[in-house]
Amino acid sequence: MLDLKFVRENIKKVKEQTEQRELDLDLDEFIRLDIERRDLLQEAESLKFQRNTVSEKIAMLKKEKKDAFSEITAMQEVSQRIKELDRKLSEKEYLLNQILLNMPNMPHSSVAVGYSEKDNPEIKKWGEIPEFAFKPKPHWDIGEELNILDFERASKITGARFVLYMGWGARLERALINFMLDLHTNEHNYVEVLPPFIVNRQSMTGTGQLPKFESDLFRLEGYDYYLIPTAEVPVTNIHQNEILKESDLPLYYTAYTPCFRSEAGSYGKDTRGLIRQHQFNKVELVKFVTPESSYNELENLLLDAEEVLQRLGLPYRVVSLCTGDLGFSAAKTYDIEVWLPGQERFVEISSCSNFEDFQARRANIRYKSEGKSKTRFVHTLNGSGLAVGRTLVAILENYQQEDGSITTPEGLRPYIGGVDKIEKTRNVKSEK
RNA sequence: GGAGAGAUGGCCGAGUCGGCUGAAGGCGCUCGCCUGCUAAGCGAGUGUAUGUCGAAAGAUGUACCGAGGGUUCGAAUCCCUCUCUCUCCGCCA
């Protein structure tokens with residue numbers, strides 16, 4: 001959420017911004033409501049002052065057994081008027097808040113202006129695109145041939161866009177989770193967190209998924225609860241409504257969670273394989289930092305995520321999202337895209353963002369330095385470290401051998417009992 | 001799911017029959033004094049949000065005692081609804 005005062009004072013900038021994103025927000029209405037709200041507030045407050053003073057006087061009069069009838073009748077009217085003003089006021093505030101909650105963050109000045117992902121500048125590249133003496137296969141073929149990914153049975157169990165990992169597939173996924181968590185906790189100083197996978201409306205609003213993106217979420221029937229679309233939501237909301245000590249900052253958290261996304265509106269996109277699933281695993285990195293340090297922290301967050309790919313020997317590039325491709329809550333985002341030889345394309349495997357105080361304001365996460373009285377909003381950041389399913393995809397496609405087996409990345413071997421090669425997992429075929 | 005108890009400031013903990021209670025008292029913390037050092041002692045201060053005045057220091061208004069609503073001139077105190085915590089029973093990994 002943007003600061004009301006900021007919007008008021010920078011209405012032109014905000015307008016340009018929302019127009020560029022083709023958002024339908026009535027900012028003139030916003031200005032009008034803001035003025036009305038302040039007028040109402042002023043009137044209500046001066047009446048309340050009057051009521052408080054006279055009420056005290058009434059108490060005195062009663063104590064002295066004197067008559068207070070005229071004061072009381074006068075205040076009856078004042079109270080009625082206050083009630084009316086308060087009602088109008090909360091109406092205006094509600095409307096203002098709705099507009100604010102639907103207003104996206106302002107991009108950082110270093111973000112390139114552009115309209116789509118084609119305009120995202122490439123920041124860096126790492127690793128060699130592997131050469132194959134044969135035609136590399138896409139992971140869905142590899143996975144099914146090795147009997148480690150079963151899409152058919154998953155759709156029987158649940159439906160489309162779910163996957164069943166079997167044997168070495170399941171083992172590899174678990175190994176990746178452990179590998180990532182160990183790297184971030186042992187070497188990058190993150191505290192491991194295992195949060196609830198179901199959150200309430202307030203948490204979803206705090207990080208910016210609600211109210212605008214309800215259709216992307218799975219909601220529990222009969223509750224105001226949602227399945228998390230990313231660990232960002234529960235982990236960022238750990239400190240919802242808290243005032244942190246500056247000396248405790250920066251806070252680094254890492255969490256493994258499954259992520260649930262309805263993928264509404266993505267029909268026909270990535271329908272094969274496990275690139276786009278309703279449920280996938282992710283190890284997330286979340287930071288709470290001071291405003292002064294947040295952009296430096298973003299660079300380091302990116303490096304922490306990149307290191308996972310480097311240790312796994314997977315080639316990737318980093319792009320910086322342009323203004324048109326930037327997410328709702330982010331001020332700046334780097335996407336890491338891993339190379340998938342089976343599909344001959346780069347696919348997003350991590351997204352590292354600085355939200356500045358956008359989420360902190362929504363979730364009311366502040367900090368205070370020792371001895372000083374003023375509180376400030378923290379800056380929050382998060383990044384995937386990494387999307388586990390897509391990492392598994394990248395390993396299958398980049399490490400595939402001509403005989404159909406998979407060489408395992410050296411860095412991962414301690415997590416899979418030292419095996420250097422994955423071959424066919426035994427499968428039970430039905431006779432139909 | 002059933003029965004009961006509770007929710008007050010950084011923490012503990014008072015708040016009588018509704019009225020100088022933003023909230024006693026204690027602890028903690030900050031600053032100052034005192035003191036060979038430490039400890040103890042003494043004094044002052046110590047919430048958040050937002051508005052107004054002020055260059056600033058600061059002064060001042062309003063709101064906030066789990067959340068929302070109601071009664072009242074006036075509510076932490078009375079009434080209603082909800083949420084959460086705890087205890088007991090049931091069920092369950």
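The structure displayed is predicted, hence computed values, not measured ones. Letters A, B, ... mirror the listed sequences (proteins, then strands); counts begin at 1.
Considering every non-hydrogen atom in both A/Gly411 and A/Pro414, the closest pair reads O-CD, 3.6 Å. Nearest heavy-atom pair, A/Thr230 versus A/Cys259, reported as atom, atom and distance to 0.1 Å: CA-SG, 3.7 Å. A/Ala255 and A/Leu181 get closest at one heavy-atom pair: C-CD2, 4.3 Å. Across A/Arg362 and A/Gly206, no two heavy atoms sit closer than the pair CB-O, 3.3 Å.
Side chains of A/Asp216 and A/Arg261 form no contact here, defined as non-hydrogen atoms less than 4.5 Å apart. Counting heavy atoms from C-beta on, the side chains of A/Arg390 and A/Leu340 never come closer than 4.5 Å.
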Kindly give the atom pairs (protein nitrogen or oxygen, nucleotide nitrogen or oxygen) under 3.5 Å for nucleotides 60-62 of chain B.
{"residue": "B/G61", "atom": "N2", "partner": "A/Glu45", "partner atom": "OE1", "Å": "2.6"}
{"residue": "B/G61", "atom": "N2", "partner": "A/Glu45", "partner atom": "OE2", "Å": "3.1"}
{"residue": "B/U62", "atom": "OP1", "partner": "A/Asn52", "partner atom": "ND2", "Å": "3.1"}

Dump the pairs, protein N or O against N or O of nucleotides 78-85 of chain B, anything under 3.5 Å, distances to one decimal.
none

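A close approach under 4.0 Å does occur between a side-chain nitrogen or oxygen of A/Gln76 and OP1 or OP2 of B/C73. Between A/Thr73 and B/C73 there is no side-chain N or O to OP1 or OP2 distance below 4.0 Å. Between A/Thr375 and B/A49 there is a side-chain N or O to OP1 or OP2 distance below 4.0 Å.
Below 30°, between 30° and 60°, or above 60°: for A/His184 and A/His188 the angle between ring planes is between 30° and 60°, a tilted geometry. A/Phe358 and A/Phe328 have perpendicular rings, their planes meeting at more than 60° on a 0 to 90° scale where under 30° would count as parallel.
Using modelled atom types, no side-chain atom of A/Ser79 and backbone atom of A/Gln76 make a donor-acceptor pair closer than 3.5 Å. Counting only distance, with no hydrogens or angles, the side chain of A/Asp325 and the backbone of A/Leu321 share no donor-acceptor pair below 3.5 Å.
Stem regions for RNA chain B, each three or more consecutive Watson-Crick or G-U pairs with both distances under 3.5 Å and listed by first number, read B:1-7 with B:83-89, B:10-12 with B:25-27, B:28-33 with B:41-46, B:47-53 with B:58-64, B:66-70 with B:78-82.
The side chain of A/Met60 approaches B/C20 more closely than any other nucleotide in the set B/G19, B/U48, B/C20. Here the side chain of A/Lys368 is nearest to one of B/U48, B/G19, B/C73, namely B/U48.
Atom-to-atom, CG of A/Asp3 to P of B/A49 comes out at 12 Å; the value is rounded to the nearest Å. Rounding to whole angstrom units, CZ of residue A/Arg8 and P of B/U50 are separated by 11 Å. B/U50 atom C1' lies 11 Å from atom CG of A/Leu4, rounded to whole Å. For A/Leu47 and B/A63, the CG to C1' distance is 15 Å, given to the nearest whole Å. B/U52 atom P lies 17 Å from atom CD of A/Glu43, rounded to whole Å. B/C20 atom P lies 15 Å from atom CG of A/Leu61, rounded to whole Å. In this structure, A/Phe377 atom CZ and B/U48 atom P are separated by 13 Å, rounded to whole Å. Separating the CD atom of A/Glu93 from the P atom of B/G51 is a distance of 12 Å, rounded to the nearest angstrom.
Residues A/Asp304 and A/Tyr252 bring no donor and acceptor atom of their side chains to less than 3.5 Å of each other. No donor-acceptor contact under 3.5 angstrom links the side chains of A/Tyr253 and A/Glu284, judged on distance only. Using modelled atom types and a 3.5 Å distance limit, the side chains of A/Tyr256 and A/Glu192 yield no donor-acceptor pair. Side-chain contact annotation: A/Thr380 with A/Gln359, donor-acceptor N/O pair under 3.5 Å present. Side-chain N/O atoms of A/Asn105 and A/Glu356 include no donor and acceptor closer than 3.5 Å. For A/Ser203 and A/Asn200, the side-chain atoms include at least one donor-acceptor pair closer than 3.5 Å.
Between the P atoms of B/A14 and B/G25, the separation comes to 15 Å (whole Å). As rounded to the nearest Å, B/G47 and B/C42 have P atoms that lie 23 Å from one another. The C1' atoms of B/G6 and B/C91 are separated by 25 Å, rounded to the nearest whole Å. To the nearest whole angstrom, the two P atoms, one in B/G4 and one in B/U60, are 49 Å apart. Nucleotides B/A44 and B/U83 are separated by 47 Å at their P atoms, to the nearest Å. Comparing the P positions of B/U71 and B/C53 gives an interatomic distance of 35 Å, to the nearest angstrom. Rounded to a whole angstrom, the distance from the P atom of B/A7 to that of B/G13 is 10 Å. Across the C1' atoms, B/C11 and B/G68 are found 28 Å apart, a figure rounded to whole Å.
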I'd like to compare against my own output: the B/S/- annotation of nucleotides 65-71 of chain B with a strict under-4.0 Å heavy-atom distance to protein.
------S
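Shown here are the side chain to side chain contact (heavy atoms under 4.5 Å, CB included) partners of A/Glu36, two or more places apart in sequence or in another chain: A/Arg32, A/Leu33, A/Lys92.
When ring centroids are compared, A/Phe260 and A/Phe218 stay outside the 6.0 Å threshold.
Mapped onto RNA chain B by nearest heavy atom, A/Arg366 and A/Met75 fall at different nucleotides, with A/Arg366 at the one closer to the 5' end.
Less than 4.0 Å separates RNA chain B from no heavy atom of any residue of residues 199-210 of chain A.
A/Lys57 comes within 4.0 angstrom of no nucleic acid atom, judged by non-hydrogen atoms across all strands.
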